[in-house]
Amino acid sequence: MYVSHLACPKCDATYESEQIIQLCRCGAPLLVHYDLERVRSAVSKEDLVARPADRWRYQELLPVKQEANRVCLGEGMTPLLPLKKLGREIGLPNLFMKDEGIIPTGTFKARGAAVGVSRAKELGIEALAMPTNGNAGAAWAVYCAAAGIKAIIVMPQDAPPIPRGECAISGAALYLVDGLISDAGKIVARGVAEHGWFDASTLKEPYRIEGKKTMGLEIAEQFGWQLPDVILYPTGGGVGIIGIYKALKELETMGWISGKFPRLVAVQSTGCAPIIEAWKQNKNESEFWENAATLAFGITVPKALGDFLVLEAIYKTDGCAVAVEDSAILEAEALMASREGTFVCPEGAATLSAAVELAQSGWIKPEERVVLLNTGSGLKYPETVVTKPPLLSPHDDLPAA
Ligand SMILES: Cc1ncc(COP(=O)(O)O)c(C=O)c1O
Ligand SMILES: [Zn+2]
């Protein structure tokens, strides 16, 4: 393994990585650091070509030591689809979508879970607890089942129903809360203090982000190490966007990429837009968003622990932050399905609405290469499509199409 240590991005304190650890003593999340010089001499870009297109393709940049501890459900590299028709229609002919809808549990949360749970297994953790908006809980529940770790999951009662089933059937202890993910987080914190479970809340352990980082590694590799100009990301807890930025910095240090980073765009809903508000005011941290509500449930995070890292990723890449209306999200979801045949989750659809806005304002130029990150499958959100097909009797004939 090439991990050198853990470090706090806020106060620079460092920690040894073979201990079970949560936050820095200052309360900030800890990030994993690697001996990138050693990684560079151990593996080259060319070596990757012969490797399986799975999560462990980038094993030197991941924190799991023993192969036996890798919990794998067949999660693999996700497609980078050119959205040609849609791109032309919105004036961005070089539009792409990275489609996370096809991995186990149907969302990118499987990336964080695969690595987070594997590392938890390696460290001997027997029970972990986490608050979730649904998809992360589902992913951690199934990977914990595979790893033999007890999962205690708390989600808002308003969260979409499918992840509930995934948690329940895989044997997690599932609880609903009459409140938001922030309320679930407080309950988990009390449970952790009382029962001694490991706290797997977003960014309260250092390893989930390493799994999500692989999105950035894949994007770089899929573009032949010539980075795109803009990446739009639906941002809740922010782990995905922080992870992509971390991946790019590691690749740059290793000399695998050079030049300007893609401008990272955090996309939220106008119903819960703390990062957008902070960015507009040029702040380094966000304020708690009161009465948060959006149908893009995964991004209903009123105040993220890693908000300062999300904002840093935006500022350092000359990115921006955009809030879109829920009605525009639904329109974008339908547009992506009808034009490109992709049934995306509302969080993913939000990135299209944001791209349209940024293309219209001139912030994205027509010739630029733009990646929408679709974080999950629309199949997890059947309630976002209302259908009323005509009901036929067995003797009815079909009209002309
Ligand atoms: C489908 C989907 N997209 C995006 C997010 C936001 O994730 P992140 O924590 O990386 O900001 C979530 C979180 O629950 C999600 O479920
Ligand atoms: Zn610290």
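Every number for a ligand or one of its atoms is a count from 1 in the order of the listing.
Figure legend: Arg263 and Trp363 shown as a cation-pi pair, the cationic atom lying under 6.0 angstrom from the six-membered ring centre and within 45 degrees of its axis. Seen from the ring of Phe308, Lys10 counts as a face-on cation partner, given the 6.0 Å and 45° thresholds.
Crowding of Glu18 atom CD: a count of heavy atoms from other residues, nucleotides or ligands under 6.0 Å exceeding 12. Heavy-atom neighbours of Ile169 CD1 from other residues, nucleotides or ligands within 6.0 Å: at or below the threshold of 12.
Residues Gln59 and Arg70 have side chains that bring a donor and an acceptor to within less than 3.5 angstrom of each other. A donor-acceptor contact under 3.5 angstrom links the side chains of Glu333 and Thr384, judged on distance only. In this structure, a donor-acceptor pair under 3.5 Å is present between the side chains of Glu75 and Tyr143.
Looking from atom 2 (C) of ligand 1 to the surrounding protein, the closest heavy atom is Thr375 OG1, 3.5 Å.
Which parts of ligand 1 touch Gly240 is read off a 4.0 Å heavy-atom cut-off, strictly below it: atoms 10 (O). Per-residue contacts place Lys212 under 4.0 angstrom from the following atoms of ligand 1 (heavy atoms of the residue considered): 9 (O), 10 (O). Close contacts between ligand 1 and Gly298 involve ligand atoms 5 (C), 6 (C), 12 (C), 13 (C), 14 (O), 15 (C), 16 (O) [criterion: under 4.0 Å to a heavy atom]. Every atom of ligand 1 with a heavy atom of Tyr233 under 4.0 Å away is listed here by number and element: 10 (O). Taking every heavy atom of Lys109 and a limit of under 4.0 angstrom, the matching atoms of ligand 1 come to 7 (O), 9 (O), 12 (C), 13 (C), 14 (O), 15 (C), 16 (O).
Backbone and side-chain nitrogen or oxygen atoms of Cys345 are examined, and none is located within less than 3.5 angstrom of a nitrogen or oxygen of ligand 1.
In this structure, Phe297 falls outside the shell of residues with a heavy atom less than 4.0 angstrom from ligand 1. Proximity of Thr202 to ligand 1 is not established, as no heavy-atom distance is less than 4.0 Å. The closest approach between a heavy atom of Ala136 and any atom of ligand 1 is not below 4.0 Å.
Counting only protein N, O or S atoms, the number found under 2.8 Å from the Zn ion (ligand 2) is 4.
The aromatic rings of His33 and His5 sit parallel to each other, their planes meeting at less than 30°, with 60° as the upper class boundary.
Aromatic rings of Tyr381 and Phe297 (six-membered ring for Trp) have centroids beyond the 6.0 Å cut-off, not under it.
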